[in-house]
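Read the structure below first, then the notes.
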Amino acid sequence: MSLTVEYAAPSRADEWTYVCRLADLEVERGRAALLGDVQVALFLLHTGRVHAVSNRDPYCGAHVISRGIVGTRGDAPTVASPMYKHVFDLRTGVCLDPQGWAPATLPVWAVAVDGDAVFVRAGGSR
């Protein structure tokens, strides 16, 4: 398998889980995918890069991050939760604007693209 890797080179092909076709993603619109019993939010940016973060908002507990608003802070691609509008860096999952709440981070998964196939590194957050 020949992968174009977004974050890290895969060490074994079986560590990657197929989640969708690249054509299933819309630029700067989130999509949710189920990996086992974990919901992951996928974002295709205008640069062509795909990011995968937890779909669960750590502040309210709802699985809504895939419905968030995509933007940027400086050079950081971001998503703002539709619930309390907390802004998260899609590269690291760090909340950039906790608005007086305790700091929180979204789990982040490595993403690889092979042609039209999108893979997420199995086993959880990187």
query = Can you tell me how far CD of E28 sits from CD1 of I69, rounded to the nearest 0.5 angstrom?
reply =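 So the CD1 of I69 and the CD of E28 are separated by 11.5 Å.
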task = Just do the side chain to side chain contact (heavy atoms under 4.5 Å, CB included) check on V108 and D89 with the steps written out, would you?
result = CA-CA 10 Å; V108 176; D89 185 328; over 6 Å; no
task = Could you tell me how the ring of Y84 sits relative to the ring of W101: parallel (under 30°), tilted (30 to 60°) or perpendicular (over 60°)?
result =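 Ring orientation, 0 to 90° scale: tilted.
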query = When the ring planes of Y59 and H86 are compared, do they come out parallel, tilted or perpendicular, using 30° and 60° as the limits?
reply = parallel
request  = Determine whether more than 12 heavy atoms belonging to other residues, nucleotides or ligands lie under 6.0 Å from atom CZ of R73.
outcome  =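 Enclosed: over 12 neighbouring heavy atoms sit under 6.0 Å from CZ of R73.
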Minimum-distance pair of heavy atoms, taken over all atoms of [X] and [Y]:
X: A110; Y: W16; value: O-CZ3, 3.6 Å
X: A102; Y: P98; value: O-CB, 4.3 Å
X: F88; Y: A104; value: CE2-O, 4.3 Å

inquiry  = Please list all pairs meeting side-chain hydrogen bond (donor to acceptor under 3.5 Å, both in side chains) that have one or both residues in residues 61-72, counting only residues at least two apart or in different chains.
reply    = N55-S66
Do the side chains of [Y] and [X] get nearer than 4.5 Å, heavy atoms only?
X: W109; Y: T17; value: no
X: T92; Y: T105; value: no
X: V64; Y: S81; value: yes
X: V40; Y: V19; value: no
X: V79; Y: F43; value: yes

request  = Scan V70, V50, L25, V27 and name whichever one has a side chain to side chain contact (heavy atoms under 4.5 Å, CB included) with L45.
outcome  =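 Single side chain to side chain contact (heavy atoms under 4.5 Å, CB included) partner of L45 among V70, V50, L25, V27: V70.
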task = Would you check, one step at a time, whether the test side chain to side chain contact (heavy atoms under 4.5 Å, CB included) holds for S54 with I65?
result = CA-CA 7 Å; S54 174; I65 296 297; over 6 Å; no
Backbone of L22 reached by a side-chain donor or acceptor of D116 within 3.5 Å = yes
query = Is V38 reachable from V111 through a run of I, L, V, M, F, W or Y residues, each pair having side-chain heavy atoms under 4.5 Å apart?
reply =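 Linked, V111 and V38 end up in one cluster.
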